[in-house]
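Read the structure below first, then the notes.
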Amino acid sequence: MNLVLSPEQQELRDTVRSFLGTVSPLPKVREGYDPDVYARLNGELGLSGLIVPEEYGGSGAGFAELAVVLTETGAALLPGPFLATTFAAIALTRVPDKELLTGIAEGRVVATLAQPAGDDGLVAESADGGVAVRGTLARVLGGMEAGVLLVPARTGDGMVLVAVDLTGEGVTRTPLETLDITRGQARIELDGARGRVLGASPQDDGIGDRLAVALAAEQLGVLRASLDSIVAYAKIRVAFGRYIGSYQGVKHKLADMHCKLEQAESIVRFAAWAADESPEELPAAAALAQAYVGRACFEVARDHLLLHGGIGFTWEHDAHLFYKRAKTDEVLLGPPRIHRARLADLLEL
Amino acid sequence: MNLVLSPEQQELRDTVRSFLGTVSPLPKVREGYDPDVYARLNGELGLSGLIVPEEYGGSGAGFAELAVVLTETGAALLPGPFLATTFAAIALTRVPDKELLTGIAEGRVVATLAQPAGDDGLVAESADGGVAVRGTLARVLGGMEAGVLLVPARTGDGMVLVAVDLTGEGVTRTPLETLDITRGQARIELDGARGRVLGASPQDDGIGDRLAVALAAEQLGVLRASLDSIVAYAKIRVAFGRYIGSYQGVKHKLADMHCKLEQAESIVRFAAWAADESPEELPAAAALAQAYVGRACFEVARDHLLLHGGIGFTWEHDAHLFYKRAKTDEVLLGPPRIHRARLADLLEL
Amino acid sequence: MNLDVNLAEYRRTARTWLEANARADDAQEADGIARAKEFMARLYDAGYSGITWPARWGGQGLTQAEERAFAAESRDFTLPTYVFSIGLGMTGPTLVDRGTDAQRERFVRPLLRGEEIWCQLFSEPGAGSDVASLQTRAVRDGDDWVVNGQKVWTSVAHHADWGLLLARTDVDVPKHKGLTMFVVNMRHPGVTVRPLKDMSGRANFNEIFFDDVTIPDEHRVGEVNDGWSVAVTTLLHERLSISSGVGMGTRRDDPTALDGLRRLVDTTDPLVRDELVELHIRSRALALFNQRLAQETKAGVFPGARGSAAKLLLAELTMYQADLATRLAGPSAVVGEDNPLSQAISLAPGMALGGGTNEIMRNIVGDRVLNLPPEPRVDKTVPFKDLKVGTQA
Amino acid sequence: MNLDVNLAEYRRTARTWLEANARADDAQEADGIARAKEFMARLYDAGYSGITWPARWGGQGLTQAEERAFAAESRDFTLPTYVFSIGLGMTGPTLVDRGTDAQRERFVRPLLRGEEIWCQLFSEPGAGSDVASLQTRAVRDGDDWVVNGQKVWTSVAHHADWGLLLARTDVDVPKHKGLTMFVVNMRHPGVTVRPLKDMSGRANFNEIFFDDVTIPDEHRVGEVNDGWSVAVTTLLHERLSISSGVGMGTRRDDPTALDGLRRLVDTTDPLVRDELVELHIRSRALALFNQRLAQETKAGVFPGARGSAAKLLLAELTMYQADLATRLAGPSAVVGEDNPLSQAISLAPGMALGGGTNEIMRNIVGDRVLNLPPEPRVDKTVPFKDLKVGTQA
């Protein structure tokens with residue numbers, strides 16, 4: 001098991017952090033998705049192709065590297081479809097599709113992945129060389145930005161993963177008002193939208209676990225940046241003639257938050273390592289990552305906001321951006337209890 | 001609803017507090033049950049007859065008064081069978097029995113109540129004018145001190161409540177090693193022990209709810225005394241040249257503990273009022289009392305011990321007596337989740 | 001006995017008046033200023049504004065008993081009195097207690113009759129919990145004072161005619177000793193009111209900028225440099241007026257309270273049920289504590305600093321509820337137009353940040369309820385100009 | 001490369017020695033002193049005691065690599081070395097770092113060979129977290145010092161031949177500046193060792209009383225009144241020796257850990273299952289953090305004050321586990337002879353109270369990991385005789 005970053009991974013982290021600090025500082029984050037920033041992220045840093053195998057034009061890196069990058073995009077609250085496209089790439093590496101993977105690696109294709117729950121499933125019927133897809137998706141991450149939607153759909157031959165062209169006919173997209181103003185979701189209605197079958201969509205394909213790990217890496221970044229922000233403020237804000245960080249009421253809370261950071265970081269490293277190296281440990285590691293890091297991230301973001309005092313409650317201050325991203329991420333893959341239930345099953349309790 | 005003590009109730013509280021402070025201070029508590037103290041409690045203060053109806057020689061007081069008294073015996077960690085006899089009296093007031101109630105009111109009878117769970121039930125067979133009882137009770141509160149055991153038993157005619165003579169033949173009592181060194185439990189084996197049927201033992205007789213309220217009142221006392229003890233210490237103990245109570249790390253924790261005390265006290269008053277005045281509110285109030293006060297009591301006792309620092313870990317210091325009573329009380333009526341499950345049912349969730 | 005009969009009669013009359021004058025559609029909204037003023041005038045003329053205030057300055061000169069009776073009857077109605085709440089709850093009582101007769105004569109009756117709206121100007125960006133470290137300056141200029149500085153977190157300022165302003169008049173003495181209280185004309189040139197958006201995107205507060213604003217010395221409240229003692233009076237009234245609202249229970253339509261939430265989530269899941277049980281336990285624990293405080297108050301035992309425990313618990317419960325509701329509801333909690341759960345999680349921190357942070361509340365409970373030793377203070381003896389304040393490295 | 005081969009060889013040899021010399025029934029118990037001494041002598045003679053200590057004073061003069069290799073192999077064995085742990089982990093390294101050559105010559109080899117047992121005498125009833133406020137006095141008397149006072153929380157003192165004693169030698173200077181370190185003969189008349197029962201009823205510690213105990217000046221360690229800097233050396237070694245044990249995972253037979261607990265409780269109840277999931281989450285979170293610290297240490301990045309975060313979390317986890325286990329098990333948890341759950345709940349607070357309270361750990365993390373501003377200190381400049389210490393009104 002490897003829980004420590006290699007020198008190369010540290011360099012990757014520093015590069016991404018410094019890049020985002022320059023091209024996507026927080027004042028810019030408030031303006032939302034900037035396709036130029038996204039293009040530079042993929043062009044100059046090649047991030048969209050990070051986990052795409054080399055044979056498809058990517059870097060063929062592992063989850064250890066992906067986690068490093070997502071932690072930085074999380075810390076920067078990067079707007080736009082980077083996480084959505086990463087989710088799609090994760091699904092595509094499980095049902096390798098040259099065209100889309102190459103497009104993602106080259107930064108040409110912005111994609112997203114939806115996992116409809118229960119009866120909200122889609123139906124795909126054969127239609128001139130592909131399929132026509134019908135159904136409604138209530139909430140799709142990056143749904144307005146993506147050109148391609150990956151989604152399971154029912155056919156006569158069972159469940160398949162289809163790639164739907166969101167730019168074509170039969171697609172109605174409605175942007176949703178979201179708690180997180182830095183990253184959008186959309187309602188998508190498909191009424192005979194053009195799609196292409198990528199392969200069968202097995203129940204336990206490891207995609208869900210990998211999404212959980214990727215999201216936890218982003219959450220680790222949100223947690224870390226929240227803590228950094230309030231620690232910095234505690235060193236300059238004065239109350240009753242003393243820096244607030246000198247009061248144990250603040251100091252001890254920050255120490256507890258640091259303990260959460262240390263544990264969250266350890267878990268994300270472990271889960272990323274498991275995704276790369278230890279498939280049998282991955283399911284429990286992924287569920288652990290969401291169960292622990294998702295909660296820790298919101299708690300730290302919440303306390304970082306509260307410890308800012310009144311200014312943290314204002315729209316102008318950035319604290320609420322982290323708080324809202326943390327809450328949105330916590331429920332992104334479903335109510336958090338599903339991860340705990342999964343853990344209970346995996347532990348054979 | 002009445003949540004405030006009347007002047008008479010305040011006087012009762014002060015009397016019991018001052019009495020126990022004199023006759024049963026903590027150094028004496030370590031020596032365990034003292035029948036003389038128990039006799040004075042019943043003789044001078046008439047506490048054993050407090051809730052016994054006047055027609056049976058008692059004071060005919062309500063749960064509001066009983067809660068006041070039990071809070072004080074809890075705060076004093078009174079050893080011996082006072083709670084056990086109170087439990088028995090609660091059961092007896094539901095199946096009025098002149099002889100035993102009068103005996104308890106007069107302080108002649110020390111009794112206890114057992115509620116065997118699951119298959120551990122007892123069997124009672126007719127035998128010269130009474131019943132012969134067989135079976136084993138793994139843990140009986142005050143089992144060594146009591147002369148009479150009230151317990152449900154199975155007969156040919158269904159479940160009944162029987163009074164077993166613990167001083168007669170066919171009874172084997174073994175004192176148990178208990179976490180709480182201030183109050184004992186015993187294993188009791190009955191092999192044809194003499195008993196008397198008091199009446200049918202209906203499933204929902206309100207006894208369980210009343211036990212829960214009585215225990216919560218004791219827990220409130222343990223909680224309050226724990227908090228008082230650490231607050232007093234925080235005012236005299238110095239570290240790094242300052243009283244430890246001046247550090248926010250301690251002060252804020254004590255403030256949170258005070259919040260628990262305020263809420264616990266409010267709940268106990270409400271539950272005692274419901275036991276006296278509002279039978280339809282009693283079940284939910286009783287479950288709430290155990291669910292909230294039981295937990296709060298242990299948490300406060302735990303933190304009061306920890307905040308004492310190293311000295312709190314020593315046998316000589318009294319902190320562990322409160323901590324162990326709090327833990328023992330928390331599980332006395334079963335694993336605490338049963339109270340939460342009951343609440344869920346009562347709330348029709 | 002006779003008193004009780006009179007009180008019952010008072011109560012019946014009040015109810016009749018309320019039924020005749022309150023309107024079902026009276027929302028507590030700011031844009032209904034004309035309606036609010038018109039209602040307030042009738043309320044005053046009927047004798048229900050300033051019930052316990054001295055008759056000499058325009059009040060009714062009655063007792064707490066009548067006030068409580070009217071308040072009890074009012075709970076069944078929604079009265080459009082929100083914009084007057086600062087004046088009635090804080091600045092008015094301060095003027096009655098500490099103003100000059102001329103000030104009382106000039107300001108109290110129009111305030112009670114709703115002819116003039118008031119706001120309170122204490123907090124600053126650099127002085128929140130620690131109000132006494134404020135930096136807005138008032139400099140003497142003949143018979144006037146000239147004010148420069150910035151205030152924040154000011155409710156109803158955009159409607160206000162007058163404000164109660166705490167400003168620094170001496171920087172060479174310790175922070176509490178160089179403050180003076182004034183009544184400032186909010187319509188004066190140089191006063192700029194700017195709405196302040198909170199994290200939910202709504203503007204319930206304002207920032208106020210003072211740029212060479214002149215105040216006549218006759219509008220000074222209390223002695224020069226004795227403003228802190230006046231502010232303590234105001235804050236005492238603020239605490240009373242907030243704590244009287246505590247214990248009224250949760251709003252029936254709160255989507256994060258148990259009754260709302262149980263309709264939103266899957267209660268067949270035992271874990272969800274147990275989370276709702278926990279919510280019930282915490283809500284009931286606080287509600288019963290608030291009811292006990294209310295009963296004690298009625299019996300003449302005043303909560304004092306114990307009210308800060310109730311405020312702390314309410315802040316924590318509000319945050320916990322919103323967090324729990326969004327967790328249980330899952331992805332649907334954070335999208336959708338005017339989603340009540342999104343609004344709840346956006347507004348929840350406000351309860352902890354308004355009226356004193358949780359840390360300040362714990363200090364109050366520790367110092368004034370448990371009588372714990374105070375922290376060493378570094379700010380009580382230093383001249384203000386040498387004191388660290390606000391935000392600095 | 002060659003180094004690795006040598007290390008592998010070292011490791012194999014060590015294992016062979018351990019297999020030949022460790023006994024399956026070697027418990028870490030105090031009454032096996034004869035066996036412990038006999039084992040330690042063989043361990044030393046085989047070259048496995050003081051592996052990294054300087055050869056000049058009786059150590060092996062090897063590197064951390066050999067020490068880690070031997071430690072790794074030892075984990076599969078139970079070695080009867082408990083009574084030597086204070087000497088090997090704290091007092092010995094202090095003498096090597098700060099003792100005179102005569103002291104090193106006299107004490108180090110017998111310590112490494114297990115011929116003499118050591119204890120450490122810093123804490124006092126009035127000086128726990130704040131060790132530097134201790135009150136035990138050492139007064140100069142010609143070539144000797146005369147010691148009076150009381151120490152507490154002393155492990156293995158009832159077996160100890162020597163103790164490292166921190167005492168006050170000047171009360172007219174601030175508390176850190178009037179302390180001196182000594183080696184005291186625990187067999188000297190006037191030294192009384194009394195077992196100290198902890199809340200579980202067991203006596204794992206002692207109280208030590210000094211009544212006119214004489215120490216020759218040549219047994220002073222470091223300069224007069226420079227004892228605090230020597231103590232800091234000792235405490236650093238203590239921290240290293242504790243943190244090297246952190247991360248070894250929970251004992252396999254711990255009844256409050258998941259594997260033990262799942263056999264005790266009803267896992268068909270979904271609420272119980274979820275509690276066990278929570279236990280798993282917290283245990284794994286800390287275990288992985290400890291493993292990361294260990295991997296970083298191996299890679300040359302030392303944990304420093306971050307180890308205090310691990311200690312804090314371990315204390316909280318220990319308390320949480322024992323509390324959870326007793327709650328889940330219910331009434332049977334708190335009765336019965338040698339009930340492991342009763343023992344667990346009785347011992348759980350010890351983890352938080354030994355080696356620094358949770359509050360002290362949070363201070364260390366806040367001050368030294370997050371570099372937060374320090375609290376104002378009232379105890380650094382006052383002469384000790386004017387300082388509040390211990391317990392007083």
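All values below were derived from every heavy atom in this structure, side-chain atoms included, with hydrogens, water molecules and symmetry-related copies excluded. Below, chains carry the letters A, B, ... as their sequence lines are ordered, and counting in each starts from 1.
Taking each heavy atom of Gln295(C) and Leu3(B) in turn, the nearest pair found is OE1-N, 2.7 Å. Of all non-hydrogen atoms in Ala344(B) and Arg273(C), the two that sit nearest each other are CB-NH2, 3.7 Å.
Considering only heavy-atom pairs separated by less than 4.5 Å from chain B, the leading option among Thr267(C), Ile281(C), Val272(C) is Ile281(C). Contacts with chain B were tallied for Gly366(C), Ser308(C), Ala285(C), Ala309(C); Ala285(C) has the most, counting heavy-atom pairs under 4.5 Å. Note on Asp228(B), Asp256(B), Leu227(B): by heavy-atom pairs under 4.5 Å with chain C, the leading option is Asp256(B).
By the 4.5 Å heavy-atom criterion applied to side chains, Pro373(C) and Lys235(B) are counted as neighbours. By the 4.5 Å heavy-atom criterion applied to side chains, Leu276(C) and Leu347(B) are not counted as neighbours. Two residues are said to be in side-chain contact when any heavy atoms from C-beta on lie closer than 4.5 Å; Gln248(B) and Arg362(C) fail this criterion. Looking at heavy atoms from C-beta onward, Gln263(B) lies out of side-chain contact with Leu288(C) at the 4.5 angstrom threshold. Taking 4.5 Å as the limit, every side-chain heavy atom of Gln291(C) sits out of range of all side-chain heavy atoms of Phe270(B).
Proximity to chain C (any heavy atom under 4.5 Å) is shown, for Arg337(B), by neither the backbone nor the side chain. With a threshold of 4.5 angstrom between heavy atoms, Val369(C) approaches chain B through side-chain atoms but not through N, CA, C or O. For Asn2(B), the parts sitting under 4.5 Å from any heavy atom of chain C are the backbone and the side chain alike. Proximity to chain B is limited to the side chain of Arg262(C), based on heavy atoms less than 4.5 angstrom apart. Residue Leu370(C) touches chain B through both its backbone and its side chain, counting heavy-atom pairs closer than 4.5 Å. Neither the backbone nor the side chain of Asn358(C) comes within contact range of chain B, judged by heavy atoms closer than 4.5 Å.
No hydrogens or angles considered: a donor-acceptor pair under 3.5 Å links the side chains of Asn363(C) and His252(B).
With values rounded to the nearest 0.5 angstrom, Leu258(C) atom CG is found 6.0 Å from Leu349(B) atom CG. Expressed to the nearest 0.5 Å, how far SG of Cys259(B) lies from CG of Leu312(C) amounts to 4.5 Å. Residue Ser266(B) holds its OG atom at 9.0 Å from CG of Leu286(C), rounded to the nearest 0.5 Å. Here the straight-line distance linking atom CG of Leu288(B) with atom NE2 of His280(C) works out to 5.0 Å at 0.5 Å rounding.
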Legend entry - Residues Arg340(B), Glu278(C); criterion salt bridge (Lys or Arg N to Asp or Glu O under 4.0 Å); working and verdict: CA-CA 8 Å; Arg340(B) 299 172 67 91; Glu278(C) 180 66 22; 2.8 Å; yes
Inset, instruction - Carefully, step by step, assess Val365(C) and Glu262(B) under the rule side chain to side chain contact (heavy atoms under 4.5 Å, CB included). - result: CA-CA 12 Å; Val365(C) 173; Glu262(B) 292 276 23; over 6 Å; no
Legend entry - Test salt bridge (Lys or Arg N to Asp or Glu O under 4.0 Å) applied to Lys251(B) and Asp367(C), step by step: CA-CA 8 Å; Lys251(B) 183 178 287 181; Asp367(C) 290 345; 2.5 Å; yes
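The local environment of CD in Glu280(B) is crowded, with over 12 non-hydrogen atoms from other residues, nucleotides or ligands closer than 6.0 Å. For CD of Glu11(B), the number of neighbouring non-hydrogen atoms (other residues, nucleotides, ligands) closer than 6.0 Å is 12 at most.
Arg292(C) places no side-chain N or O within donor-acceptor distance of the main-chain N or O of Ile267(B), the cut-off being under 3.5 Å.
A cation-pi geometry, defined here as NZ or CZ lying under 6.0 Å from the six-membered ring centre and within 45° of its normal, does not hold between Arg282(C) and Tyr292(B).
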